[in-house]
Protein chains: 2
Amino acid sequence: MTMSKRDTYTPETLLAVAVEVFNERGYDGTSMEHLSRAAGISKSSIYHHVRGKEELLHRAVGRALEGLFGILDEQGARDGRAVERLEYVTRRTAEVLMDELPYVTLLLRVRGNTATERWAMERRREFDQRVAALLKDAVAEGDLRADVDVRLATRLLFGMINSLVEWYRPEGRGSTEAEQVVDAVARLAFDGLRT
Amino acid sequence: MTMSKRDTYTPETLLAVAVEVFNERGYDGTSMEHLSRAAGISKSSIYHHVRGKEELLHRAVGRALEGLFGILDEQGARDGRAVERLEYVTRRTAEVLMDELPYVTLLLRVRGNTATERWAMERRREFDQRVAALLKDAVAEGDLRADVDVRLATRLLFGMINSLVEWYRPEGRGSTEAEQVVDAVARLAFDGLRT
DNA sequence: TTGTCCCGACCGAACATTCGGTTAATCTAT
DNA sequence: ATAGATTAACCGAATGTTCGGTCGGGACAA
């Protein structure tokens, strides 16, 4: 927690800038030159703070995965009927997505070209499987429709939630927008569009 | 329709190969070297068939957009109550997504780095707005719930459908898998997960 | 004066694209 | 039927550019 007088970058503050650029141009479409311009420091200075481009990616997706897996440890995801736990995880996932928007966005877009990307994809699959198990239990307890394959339903549910990163942009301070989005997600997911 | 005896590439057959690689590595992550290896011809030979890398992208997303906009001209998207037209478009969009999987996948992933990508994004927005209008009409006709914002609902609906490209892989010939996916999409979208 | 932070200059590798030229199938005129 | 002309398809080598990353040194706070 030592803070210098000099207004300077840390790996964390640099990360925030980098993630923005990664999301705008794509990871592969972003050069260190782009990053240096966005950060306002020279290309070589970036290497003072991080080992390289891939470390920035690793830190970013790591933070996103931390947020997602954290949900599963919360009480709401552990107690109660499966369908209630599923709704809790659904809502919280949407919340975390919006809270950590740029980091999760990046996570959801990795393609598997580097070791870091493959690691991220694997951990993400892990998370998906945990939720799929929840959905399966809810079906077994009779609270969810059994006429749709569990695996398929999980994927579509996540497809809907994850699509938030494609368009959600936080509004000015104190907005209730995020709540409305979470409600809409839960309503559509569990009760559908129909009247 | 002239066909040469010689087993050789045309811009179209080359496109099929290129789109596969683009989807696997990402457009920016794909070099002409990668393409040439996948196609089994030399890097320079590719330039005999197409102007360059970006033309391949343009042809690919163009084909995807053609398929999507084609839906809106079909009878099912023009006649009947708005909610029925919406369900028709929903189902057909899922079908086109699976039929033209690699092309639509590429379309849904463009980031806007080149002129071609920006053109694709704009046309895609156009399509989304056409469907949003449909959803709005269905709400006005009283067939869809009015307690969720139209714009938001459209985005979530598309989020669910479009997520198909993240995991759907066609099975062997004569499979009924695609139908099942379409049914699941329609059921979840309109009636939700709940029993 | 020491260590942190930063810079411009630079590097080898990889990039998209171009070029000069070869091969082989098809067309033309006899 | 076939020699010669034409052309589509292809290639290896080279173009200039951009890439991620390195290096030696300067500025500044402690």
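Here is the naming used below: chain letters follow the sequence lines, and residue numbers restart at 1 for every chain. What you see is a predicted model, and the numbers here were worked out from it, not measured in a lab.
Straight-line distance from the CD1 atom of A:I46 to the C1' atom of D:dC23: 16 Å, rounded to whole Å.
Between B:H58 and B:W119, the ring planes lie tilted relative to each other; the angle falls in the 30° to 60° range.
Using a 4.5 Å cut-off on side-chain heavy atoms (C-beta onward), B:M160 and A:L157 make no contact. Contact annotation: the side chain of A:L164 approaches that of A:W167 to within less than 4.5 Å [non-hydrogen atoms, C-beta and beyond].
A:S42 and A:S44 share a donor-acceptor pair across their side chains, judged by distance under 3.5 Å alone. Between the side chains of A:S31 and A:H34, at least one donor-acceptor pair of N or O atoms lies under 3.5 Å.
Taking 4.0 angstrom as the limit, A:H49 places a side-chain polar atom (N or O) nearer than this to OP1 or OP2 of C:dC6. Considering only side-chain N and O atoms, A:S45 lies nowhere under 4.0 angstrom from the phosphate OP1 or OP2 of C:dC6. For the OP1/OP2 pair of C:dC6 and a distance below 4.0 Å, the side-chain nitrogens and oxygens of A:H48 include no atom meeting the criterion.
Inter-axis angle, ends of the helix from C:dT1-D:dA30 to C:dT30-D:dA1, five pairs per end, rounded to 10 degrees: 10°.
For B:R169, the CZ atom is densely surrounded, since the number of other residues' heavy atoms within 6.0 Å is greater than 12.
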note = Letter by letter from the 5' end, nucleotides 14-20 of chain C scores (B base, S sugar-phosphate only, - none; protein heavy atoms under 4.0 Å) -SBBBB-
